[in-house]
There are 2 protein chains.
Amino acid sequence: MPGRGEHTRQLIIDSALRLFRERGYAQTTMRAVASEAGVSVGNAYYYFDSKEHLVQEFYDRLQAEHRTAAEPVLRQESDFGPRLHGVLTAWLDVARPYHAFAAKFFKVAAEPDSPLSPFSAASSAPRDAAVGLLREVLEGSTAKVDADLRAELPELLWLVELGVVLYWVHDSSPEQARTRLLIDRAVPLVNRLVGLSRLRVLRSVSRDIVSLSRALRGGTAEALGRAEGSADPDRRR
Amino acid sequence: MPGRGEHTRQLIIDSALRLFRERGYAQTTMRAVASEAGVSVGNAYYYFDSKEHLVQEFYDRLQAEHRTAAEPVLRQESDFGPRLHGVLTAWLDVARPYHAFAAKFFKVAAEPDSPLSPFSAASSAPRDAAVGLLREVLEGSTAKVDADLRAELPELLWLVELGVVLYWVHDSSPEQARTRLLIDRAVPLVNRLVGLSRLRVLRSVSRDIVSLSRALRGGTAEALGRAEGSADPDRRR
DNA sequence: GTCTATAACACGATAGAC
DNA sequence: GTCTATCGTGTTATAGAC
């Protein structure tokens, strides 16, 4: 059963995301969100614990759109480099309309305890989806990679993607052209490194990277096991 | 001339930093800061444009402490790896008392337009100091590096340091032991890569990295030239 | 369980008098 | 430079209606 309140919930989300896009995050008041949705403030808080929780929905939608946009590339390309390039620029295309908005609420996602943090338990679904997409980039390609490294590579590529997003958020160039340039430069580098990973001289480097990656994930796993991220600004409220 | 209000300014900063450490960032109200300093709220805002600006001072102090703590390592070590390791762990030692505090206001630093962003114009002094410290790590070492890469390396090392800080902020392990592990793993890798950078097979990789680094700095330079970072949450106020 | 209406609270920030 | 008073906001509380 779709639930009676599901409609109300959608109304609130829709008006929130629209207002966020039109006027920015900070300038959108909860009163305005409620009023636009035709509900009371109290009702909005009945469905969403805080203003920040309204943004979680945005993540999910963006991730879904990214997958759709990446689909053609995954179907048509078989070289690792172009696949990665296509998927990263697909993200750029999908995210472009939200650039100004994203820059504003980005700080919310940066807080370690926030459920919006990409490392939080609450974000595990979109994170797994993103890593999965990058795994497809690799597995569907003809690239030959050292076996140990192959297992870690999707997570490492996700870190690359995070770096791109971080740069993108700070990128004030028109149409975020600089981020495109960054991708154009970074992808061949990654591609070359992956290709060289089986060279004898680089075996030790490769092992170092695998070990580093596992150390990193250790932290992520621990973060996942941690108390449910519940925004708490210190723990005042 | 030390300025008449300099005393008041210091009073405010001192009480702010003490309260931040004792009760956290969010839980410290501007009213409390002003009251502790024995001034009015309005007066506190006369000296500091916003609560966030109070944290800038913390940056400067931390950076100064880091340099002091790194001094012995820079004097005694000559190998690149140990020098880098020593400087990074020195940061960890210096920053440890502020871990809880840092995790809380970290989001403030993450906002692109915030003066507290490590990429902002307002942060250029601490940033240059940090890059300079890493340049000393390299220049004072016996490491032999490709000339083009050598020029870019301090900035790249600064990115590594940023990554470590990012991890540290999210690190909830006791005494941030995981971050230490991360450094133990990452430094040998960086060291090895730097050492291999002159190998013939890696020339193209090396060139890719230099080119990537320049693309990155292009963005930073642009950010530097941008309108003075003035916090503005959207531009409401 | 879903929802309204309205008031109240605490906080960051500002206005304007002195 | 300093103050007091006040505003706008996120969030909570209350008291109920369907």
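Protein chains get the first letters and strands the later ones, always in sequence-line order, with residue 1 at the start of each. The structure displayed is predicted, hence computed values, not measured ones.
Residues passing the side-chain hydrogen bond (donor to acceptor under 3.5 Å, both in side chains) test with A/Asp184 are A/His85, sequence neighbours excluded. Checked against side-chain hydrogen bond (donor to acceptor under 3.5 Å, both in side chains), A/Gln56 has no partners two or more places apart in sequence or in another chain. The side-chain hydrogen bond (donor to acceptor under 3.5 Å, both in side chains) search around A/Ser15 returns none, not counting sequence neighbours. For B/Glu175, the side-chain hydrogen bond (donor to acceptor under 3.5 Å, both in side chains) test picks out B/Arg96, with sequence neighbours left out. By the salt bridge (Lys or Arg N to Asp or Glu O under 4.0 Å) test, B/Glu161 pairs with no residue at all, sequence neighbours left out. Residues satisfying the side chain to side chain contact (heavy atoms under 4.5 Å, CB included) criterion with A/Val39, sequence neighbours excluded, are A/Thr8, A/Ile12, A/Ala34, A/Ala37, A/Asn43. Every residue two or more places apart in sequence or in another chain that forms a side chain to side chain contact (heavy atoms under 4.5 Å, CB included) with A/Arg9 is listed here: A/Glu6, A/Ile13, A/Tyr47, A/Phe48, A/Glu57.
At whole-Å resolution of the value, CE in A/Met30 and C1' in D/dG10 are 8 Å apart. The nearest whole Å value for the distance from the CG atom in B/Asn43 to the P atom in D/dA5 is 16 Å. A straight line from CD of B/Gln27 to P of C/dA10 spans 14 Å, rounded to a whole angstrom. We find that NZ of A/Lys51 is positioned 8 Å from P of D/dT11, with the value rounded to whole Å. The nearest whole Å value for the distance from the OH atom in B/Tyr25 to the C1' atom in C/dC11 is 12 Å. If you measure from atom CZ of A/Arg31 to atom P of C/dA8, you get 14 Å, rounded to the nearest angstrom. Straight-line distance from the CG atom of A/Asp49 to the C1' atom of D/dT11: 11 Å, rounded to whole Å.
Among the nucleotides D/dT11, D/dC3, C/dG12, the one closest to any side-chain atom of B/Tyr45 is C/dG12. Counting only heavy atoms from C-beta on, A/Ser40 has its side chain closest to C/dT4 among D/dT11, D/dC3, C/dT4. The side chain of A/Tyr46 sits closest to C/dT2 out of D/dT11, D/dT2, C/dT2.
Taking only side-chain nitrogens and oxygens, B/Thr8 never comes nearer than 4.0 Å to OP1 or OP2 of D/dG1.
Residues from residues 11-22 of chain A placing a heavy atom under 4.0 Å of any atom in DNA chain C do not occur.
Comment: B/Glu71 does not engage B/Arg75 in a salt bridge, judged by the lack of any side-chain N to carboxylate O separation of less than 4.0 angstrom.
Within 4.0 Å of B/Thr29, counting heavy atoms only, lie sugar-phosphate atoms of the nucleic acid but no base atom. Within the 4.0 angstrom heavy-atom criterion, only backbone atoms of the sugar-phosphate kind lie near B/Tyr47; the bases stay farther away.
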List every contact pair, protein side and nucleotides 13-16 of chain D side both N or O, where the distance is under 3.5 Å.
none

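Note on ring orientation: taking the six-membered ring where Trp is involved, the planes of A/Tyr25 and A/Phe20 are tilted (angle from 30° to 60°).
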